J.: 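Before I ask anything, let me first share the structure, which is written out below as structure tokens.
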Number of protein chains: 2
Amino acid sequence: MLEKNSSIPLYNQLIDVLIEYIKMNLNDDEKMLSEREICLKYDVSRTTVRAALNELEEMGYIFKRHGKGTFVSGLWKEMQNLSDAYSFTEQMKQMGKVPHTQVVSLEELAANQFVAKHLGVEEGERVYKMKRLRSAEDMKMMYETTFIPAYLFPDLTISKLESMPLYELFPRLYNQDIKYADEEFYASVLQEKESEKLGLPAGSACLRIRRTTYSQENEIIEYTLSVARGDQFVYKIRHSKK
Amino acid sequence: MLEKNSSIPLYNQLIDVLIEYIKMNLNDDEKMLSEREICLKYDVSRTTVRAALNELEEMGYIFKRHGKGTFVSGLWKEMQNLSDAYSFTEQMKQMGKVPHTQVVSLEELAANQFVAKHLGVEEGERVYKMKRLRSAEDMKMMYETTFIPAYLFPDLTISKLESMPLYELFPRLYNQDIKYADEEFYASVLQEKESEKLGLPAGSACLRIRRTTYSQENEIIEYTLSVARGDQFVYKIRHSKK
DNA sequence: GAGTGGTCTAGACCACGGT
DNA sequence: CCGTGGTCTAGACCACTCC
């Protein structure tokens with residue numbers, strides 16, 4: 001069942017095993033094996049069991065009650081996305097659509113005050129600025145303006161940009177691994193010029209998004225301003241009470 | 001420094017102590033004490049230290065590098081809200097405003113199919129439906145329609161509703177502790193009737209929000225539909241790469 | 001090789017919920 | 001009272017980074 005000498009941590013293997021166990025044996029709100037029972041059944045320490053159970057709780061598979069036990073949550077079926085996906089490509093795939101990106105422009109320029117501030121670089125430093133129109137099945141979904149520091153991405157070209165999604169290009173071509181991305185968004189209406197780009201009437205509902213992406217080294221590797229069709233983007237978030 | 005026999009868990013105390021230590025002694029990106037150094041300095045086990053450090057990492061105070069050490073993140077200054085607050089009251093306080101709520105209506109009725117589905121109750125079951133206009137310093141911010149199951153909240157009255165925020169009323173008067181809330185939201189524009197209620201022109205940008213709140217017992221205790229001024233609500237979320 | 005974070009063990013005591 | 005999850009210990013070995 002569990003491979004003790006695998007390169008995959010035991011608690012990680014245990015997660016998969018327990019998910020399988022739940023699916024095969026238990027229904028919603030039924031009582032799960034106790035922590036000590038799991039220790040015996042799979043011959044691991046309680047620390048390992050609790051590490052696995054904590055992740056399962058975060059994932060929504062189970063919930064715990066002090067003094068009573070652990071129970072199957074029955075919520076994991078509905079909660080597909082809850083905005084795990086932060087890339088356009090992933091979002092579209094979750095919506096069951098085929099994403100497409102057209103690179104409208106790519107230029108190298110010196111950072112002005114605004115760009116410098118949001119990319120965390122010095123004013124005057126070289127940066128790339130690109131504009132992209134993002135579609136799904138012939139519907140124009142979103143228009144993005146992205147800034148990235150030039151020194152992290154030498155010799156960036158449109159053909160490279162078009163070869164793969166940005167969030168694959170970062171790690172694969174430039175060894176920049178993403179740690180997390182912060183997004184701010186708010187409702188707005190389309191201005192005239194934007195409405196032309198998206199093929200919608202001016203004044204249509206839209207979502208404006210500002211995204212800052214950080215590398216594993218805690219450097220900002222991307223700052224993007226987006227405007228997205230209001231009728232196509234529904235964000236889902238879960239607020240957990242501590 | 002740490003009280004070993006406090007009712008507060010050691011790792012929880014340690015979190016506060018370490019935050020203080022960081023603020024007093026370290027700047028951004030500086031190297032933090034190693035885990036084993038913290039063990040010695042505060043006389044606790046490494047398990048306890050790691051529990052505290054994991055929370056600090058989630059909070060954004062520090063980041064770890066395998067083989068190198070733990071470092072101060074320097075991001076905890078900016079990231080105030082990131083939508084931790086899911087109640088209107090908390091959100092307004094974070095924005096430095098004084099929230100006010102006017103209960104427009106409160107009625108008890110039988111759940112129709114729509115309400116039954118979203119509250120997870122049977123059709124025909126008694127539910128409360130309330131409408132509330134929410135303001136901050138004389139600006140009308142958001143209009144909410146809320147459904148809650150009646151059997152969980154016997155003898156609910158407008159005066160009770162007006163006495164405290166809903167999310168205080170749940171635990172304090174009805175012993176209903178909140179576990180988490182799921183929100184969906186998307187951009188839209190105000191319809192005529194809504195525009196009157198919020199005192200804005202029809203066609204103004206707005207955010208439409210659907211919220212489902214769950215109790216510790218995994219029951220739905222609230223379903224709310226909101227429409228909020230687009231120019232006043234900015235949501236922030238962090239997508240962590242796993 | 002020395003130091004770091006990552007994983008894991010075996011065992012202990014506590015606080016809570018039910019009998 | 002017993003079984004549950006919550007906290008904590010002391011110690012072990014591994015994988016990674018840097019010298």
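Given the structure is predicted, the values throughout are model-derived calculations rather than measurements.
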J.: Using 30° and 60° as the class limits, which term best fits the ring planes of B:His118 and B:Tyr223: parallel, tilted or perpendicular?
T.: parallel
J.: Using OP1 and OP2 only, check whether a side-chain N or O of A:Lys4 sits under 4.0 Å from C:dT9.
T.: yes
J.: Please output the side-chain donor-acceptor pairs of residues 6-15 of chain A that fall under 3.5 Å, not counting sequence neighbours, one pair per line with the distance.
T.:
| unit_1 | atom_1 | unit_2 | atom_2 | d |
| --- | --- | --- | --- | --- |
| A:Ser6 | OG | A:Ile8 | N | 2.8 |
| A:Gln13 | OE1 | A:Glu3 | N | 2.9 |
| A:Gln13 | NE2 | A:Glu3 | O | 3.0 |
| A:Gln13 | NE2 | A:Ile8 | O | 3.0 |

J.: Under 4.0 Å, counting only non-hydrogen atoms across every strand here, what does B:Thr70 touch: a base, just sugar-phosphate, or nothing?
T.: sugar-phosphate
J.: Could you give the CD1-to-C1' distance, from A:Ile8 to C:dG6, as a whole number of Å?
T.: 15 Å
J.: Less than 3.5 Å apart, which donor and acceptor atoms pair up between the side chains of residues 146-155 of chain B and the rest of the protein, not counting sequence neighbours?
T.:
| unit_1 | atom_1 | unit_2 | atom_2 | d |
| --- | --- | --- | --- | --- |
| B:Thr146 | OG1 | B:Thr224 | OG1 | 2.8 |
| B:Tyr151 | OH | B:Glu219 | OE2 | 3.4 |

J.: Whole angstrom is fine here: how far is it from CD1 in A:Ile38 over to C1' in C:dA10?
T.: 18 Å
J.: For the pair made of CE in A:Met32 and C1' in D:dG3, what is the distance, rounded to whole Å?
T.: 17 Å
J.: Scan side-chain atoms only and decide if B:Thr48 and B:Tyr42 contain a donor-acceptor pair under the 3.5 Å cut-off.
T.: no
J.: Base, sugar-phosphate alone, or nothing: which one does B:Thr47 contact when heavy atoms must sit under 4.0 Å apart?
T.: base
J.: Can you figure out which of D:dA10, C:dG6, C:dC8 approaches the side chain of B:Glu35 most closely?
T.: C:dG6
J.: Taking only heavy atoms on the protein side, list every residue of residues 9-19 of chain A lying under 4.0 Å from any atom of DNA chain C, sorted numerically.
T.: A:Pro9, A:Leu10, A:Tyr11
J.: How close or far is atom P of D:dT4 from atom CZ of A:Arg50, stated in whole angstroms?
T.: 14 Å
J.: Give the rounded distance in Å between these two atoms: CG of B:Asn5 and C1' of D:dG6.
T.: 16 Å
J.: Rounded to whole angstrom units, what separation is found between the OH atom of A:Tyr42 and the C1' atom of C:dC8?
T.: 18 Å
J.: Who are the side-chain contact (heavy atoms from CB on, under 4.5 Å) partners of B:Asp16, not counting sequence neighbours?
T.: none
J.: If each of A:Thr48 and B:Glu37 is mapped to the nucleotide of DNA chain C with the nearest heavy atom, which maps nearer the 5' terminus, i.e. the 5' end?
T.: B:Glu37
J.: Counting only side-chain heavy atoms from C-beta out, which of C:dT9, D:dT9, C:dG6 sits nearest to A:Ser45?
T.: C:dT9
J.: Quick check: closest heavy atoms across A:Ile38 and A:Val44, and the distance to 0.1 Å?
T.: O-CG2, 4.5 Å
J.: In whole angstroms, how far is the P atom of C:dG5 from the CZ atom of B:Phe63?
T.: 12 Å
J.: Are B:Tyr61 and B:Leu18 close enough, and set up right, to give a side-chain contact (heavy atoms from CB on, under 4.5 Å), and what steps lead you there?
T.: CA-CA 10 Å; B:Tyr61 278 91; B:Leu18 290 177; over 6 Å; no
J.: In chain order, what residues pass the salt bridge (charged side-chain N to carboxylate O under 4.0 Å, His left out) check against A:Glu108, with sequence neighbours excluded?
T.: A:Arg126
J.: What one-letter contact string describes nucleotides 12-19 of chain C from 5' to 3', where B marks a base within less than 4.0 Å of any protein heavy atom, S marks contact via sugar-phosphate atoms alone, and - marks no contact?
T.: BB-BBSS-
J.: Taking OP1 and OP2 of C:dG3, is either one under 4.0 Å from a side-chain nitrogen or oxygen of B:Ser34?
T.: no
J.: Among B:Phe233, B:Tyr186, B:Phe185, which residue satisfies the ring-ring contact (aromatic ring centres under 6.0 Å, His included) criterion with A:Phe185?
T.: B:Phe185
J.: Whole-Å distance between D:dG6 P and A:Asn54 CG?
T.: 8 Å
J.: Just N and O in the side chain of A:Lys64: are any of them under 4.0 Å from OP1 or OP2 of D:dT4?
T.: no
J.: Around A:Lys31, counting heavy atoms of other residues, nucleotides and ligands shown, do more than 12 lie under 6.0 Å from its NZ?
T.: yes
